[in-house]
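Have a look at the structure below before the remarks.
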Amino acid sequence: MAEIKQEYDGLVLGAGIAGMQAALDLAGQGFDVLLVERAPSIGGVMVGLNKVFPTLDCSSCICTPRMAEVAHHERITLLTYTELKHLERTARGFSVTLVKKPRYVVEEDCIGCAKCELACNVVVPHEFDYGLGAHAAVYIPHGNAIPQVAVLDPQYCMFDGACARACPTDCIDFTQQPEEINVQAGAVILATGLKLVPLDVKKEYGGGKYVNVMNPLAMERLQSPNGPYGHVMRPSDGKIPRSIAYVQCAGSRDKSIGVPYCSRICCMYALKQGIMIRQHLPETEVTIYHMDIRAFGKGYEQFYRRAVGEGIRVVKAKVARITEEPNKDLKLRVELIDEGGRVAEIRHDLVVLSQGVIPGWKPDGAAPVRIDEDGFFLIPEMAARPANSSHEGVFVAGVATGPKDIPDAIVEAGAAAMEAAMYLGRSQARAGGVQ
Amino acid sequence: MSEIKRNWREDLKIFRERMGGVTQERKDWQKEQRDYSKAISGVLEKGARTVPEIAEASGLPSDKILWHLMAMKKYGKIAEAGRSGDYFRYELKGGQS
Ligand SMILES: Cc1cc2nc3c(=O)[nH]c(=O)nc-3n(C[C@H](O)[C@H](O)[C@H](O)COP(=O)(O)OP(=O)(O)OC[C@H]3O[C@@H](n4cnc5c(N)ncnc54)[C@H](O)[C@@H]3O)c2cc1C
């Protein structure tokens, strides 16, 4: 573990693209930053995406250099596998209590050789691949992980010592326990990102019950060159799908499940995934069932037209129900709006539910910030100060404030870092007696 | 590099106790893994097969066959061996058949 000082100028919570950018921008102005991430690797959602709309650039090729920059920056201290327990204002800023979870691996001794992983005799579902792939009970989080340090999952360990025997640096440490870390920070940036609504939130779609009804992030992993299968195949039997459906707004714009807002990015990632599928599998049909396509950003309308031009079928329809056939194909009962509301039953090999975006973390009293009606962090002065939370000295960035794409998350991160820098400048001037 | 010399064998005993030992759940999980690996290897010894073919020959569900097969592929025991229609075929690494 990196050496932790008692005081930092800034604490950034969450090391997705927004948190990393905020940390870099704050550190770039000469401030010492503690960047805290609850997962074993930094990178957030972006490092697991295949390509990014609308440019179709490789997502991890953009994300990993930034991850490396964060890890090597002399003014950034990185704490992974660490949760925030409590944050409160003091006379000097914020008193922060963190809990570092045990990896059962000594971070500074692990050389990322994966010999422990190869020696381990148990495989378990891989969280990074949304359960589609596997990893050993002790494992390097993924190929692009930073830090490249193993983590042991005690839930599946068989206690045979194979990992410790194989480790060339003697870094497996079975004595580790959760460790409380207390620091002071002058300002805080919350960049705790997103989650998707549970796959089974709309029972009529069979998510979580039918194996070929899938999460869009899992589809990103399937399309990635380092994904769980190495190809797009359906999970029930490895068939290369010849007909894929996207069901839009499957957990957004829906008061009945408490997500009345539009998740903003789903139309674009469905179009993107459709284009990528047809580039690799030109004979596969992709149909997007939607209420309306929302192409909100620069170049997005052109991207939508390109997708249609490349043969993606974009159908205005309401999907009422999905049922499973004996061969695990899926039958969608749809009301085709552009055909006067005609009801049809249409068969697909695979269905992706464009699930709504919800906050990645709720403070539940751990941090003194207010939450908006939609569950994301409240921004009292949205028009004037979009990076300021309800609490002085606490700033917010990325999807933690509401659904958005990567460019917007990066812009907000820069704004949050600038607000934090100005706040720190004012606090330091006050402490030094300067007016 | 830290200077501490770990006595991992002793530490492991304590860890094992602290984590509740080798519970039935852990045993069942490992047994399932062994059973699937054995079944998959058994079928593939006769030559390259698709997931539905392995499932049919072994009598095991195809979604679980796929999951275990991909785990075996990841850790170097299985390789892809071309395609048969809409399915990839898999063989034991080294091409034993
Ligand atoms: C299927 C899909 C495809 C997408 N494709 C694109 C695309 O092509 N182009 C595009 O522009 N956008 C795309 N997006 C949107 C993009 O993923 C987000 O805009 C971006 O990831 C937001 O970054 P973030 O840092 O705000 O959040 P995240 O990436 O969610 O990062 C938040 C980080 O904070 C950590 N964290 C959370 N809570 C805590 C805590 N309490 N303590 C410590 N750490 C914590 C998390 O572990 C995570 O690492 C896509 C989204 C989805 C769902």
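The figures that follow rest on heavy atoms only: side chains count, while hydrogens, waters and symmetry mates do not. Naming: A, B, ... by sequence-line order, numbering from 1 per chain.
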Is it the backbone or the side chain of [X] that comes under 4.5 Å from a heavy atom of chain A, or both, or neither?
{"X": "R34(B)", "value": "neither"}
{"X": "W29(B)", "value": "side chain"}
{"X": "I14(B)", "value": "neither"}
{"X": "Y90(B)", "value": "side chain"}
{"X": "K64(B)", "value": "neither"}
{"X": "E25(B)", "value": "neither"}

Heavy atoms only: give me the nearest I244(A)-I277(A) pair and the separation to one decimal.
CD1-CD1, 3.6 Å
Ignoring hydrogens, what is the shortest heavy-atom contact between P40(A) and P147(A)? Give both atom names and the distance.
O-CD, 3.7 Å
Sort [X] into side chain, backbone, both or neither according to what part of it lies under 4.5 angstrom from a heavy atom of chain B.
{"X": "P125(A)", "result": "both"}
{"X": "P154(A)", "result": "both"}
{"X": "N212(A)", "result": "neither"}
{"X": "H135(A)", "result": "both"}
{"X": "L152(A)", "result": "side chain"}

When you look at D237(A) and K328(A), which way does the salt bridge (Lys or Arg N to Asp or Glu O under 4.0 Å) test go after all the steps?
CA-CA 9 Å; D237(A) 57 2; K328(A) 309 283 180 197; over 6 Å; no
Do the charged groups of [X] and [Y] touch, with an N to O distance under 4.0 Å?
{"X": "K74(B)", "Y": "D129(A)", "answer": "no"}
{"X": "D349(A)", "Y": "R242(A)", "answer": "no"}
{"X": "E325(A)", "Y": "K331(A)", "answer": "yes"}
{"X": "E107(A)", "Y": "K100(A)", "answer": "yes"}

Could you tell me whether [X] atom [atom1] has more than 12 heavy atoms of other residues or ligands within 6.0 Å of it?
{"X": "R18(B)", "atom1": "CZ", "value": "yes"}
{"X": "K5(A)", "atom1": "NZ", "value": "yes"}
{"X": "E127(A)", "atom1": "CD", "value": "no"}
{"X": "Q6(A)", "atom1": "CD", "value": "no"}

Residue list, side-chain contact (heavy atoms from CB on, under 4.5 Å) with E83(A), at least two apart or on another chain
R38(A), K101(A)
For each of L69(B), I54(B), I65(B), D63(B), tally heavy-atom pairs with chain A at distances under 4.5 Å, and name the one with the top tally.
D63(B)
Looking at V51(B), T50(B), L66(B), which makes the most heavy-atom pairs under 4.5 Å with chain A?
L66(B)
Tell me which of these, D173(A), V211(A), L118(A), D160(A), has more heavy-atom pairs under 4.5 Å with chain B than the rest.
D173(A)
Between chain B and each of C157(A), P241(A), G230(A), P228(A), count heavy-atom pairs under 4.5 Å; write down the option with the most.
C157(A)
Compute the centroid of each ring, for Y104(A) and then for F15(B), and state whether the two points are separated by less than 6.0 Å.
yes
Those residues of residues 55-62 of chain B that come under 4.5 Å of chain A on a heavy-atom basis, listed by number, are S62(B)
